[in-house]
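Inspection log for the structure reproduced underneath, given as structure tokens.
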Amino acid sequence: HKGVPESLFVKIEETARQIEDYKRCFEALENENELNTYAHKEVAEIYETIQDICRIAVAYFQFDPIKRDEFNFYKVMVNL
């Protein structure tokens, strides 16, 4: 990947690990019978963040199908 700073690769990988943290958050929220308004807002923001991460990573890894596939939003959400 000529001309691409190594720090960008590191940031993408760190962000991918954050998705695992979000997974734990969703699991904790699913155990609650009802989510309050604040929790609904937080969950929506997490989904938006994951979607943004996936969009950026898919564009970045456009020529690396294996890496690109790891950031497919649908697959990421299914694996949560």
Side-chain angles (χ1 to χ4, degrees):
H1 303 290
K2 294 181 181 179
V4 178
E6 182 65 29
S7 61
L8 184 56
F9 289 107
V10 171
K11 184 65 175 172
I12 289 173
E13 289 174 354
E14 287 173 0
T15 306
R17 285 189 287 278
Q18 287 178 346
I19 291 172
E20 186 62 32
D21 293 337
Y22 291 145
K23 176 182 176 182
R24 287 196 269 314
C25 176
F26 285 121
E27 288 171 351
L29 291 173
E30 286 173 357
N31 291 330
E32 297 293 321
N33 290 332
E34 291 184 29
L35 295 177
N36 61 31
T37 304
Y38 177 76
H40 280 288
K41 181 180 178 227
E42 291 297 310
V43 169
E45 288 177 9
I46 291 170
Y47 274 112
E48 287 177 25
T49 301
I50 292 171
Q51 192 171 34
D52 290 344
I53 291 166
C54 289
R55 281 188 195 129
I56 292 167
V58 165
Y60 183 79
F61 289 117
Q62 65 181 329
F63 300 112
D64 186 342
I66 294 170
K67 278 284 196 185
R68 183 183 63 225
D69 196 44
E70 291 177 17
F71 291 95
N72 175 290
F73 180 71
Y74 174 77
K75 290 181 181 180
V76 168
M77 297 312 295
V78 166
N79 288 321
L80 283 181

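- Residue Phe71 comes nearest to Val58 through the heavy atom pair O-CG2, 3.6 Å, listed as atom of the first residue, atom of the second, then distance.
- Between Tyr60 and Phe9, the ring planes lie perpendicular to each other; the angle is over 60°, past the 30° to 60° tilted range.
- For the atom pair SG (Cys54) and CZ (Arg68), the distance works out to 13.0 Å, reported to the nearest 0.5 Å.
- Every residue two or more places apart in sequence or in another chain was checked for a side chain to side chain donor-acceptor pair (under 3.5 Å) with Asn72, and none qualifies.
- For the atom pair Asp64 CG and Glu70 CD, the distance stands at 8.5 Å (nearest 0.5 Å).
- Annotation: the span from Lys11 atom NZ to Thr15 atom OG1 amounts to 5.0 Å, rounded to 0.5 Å.
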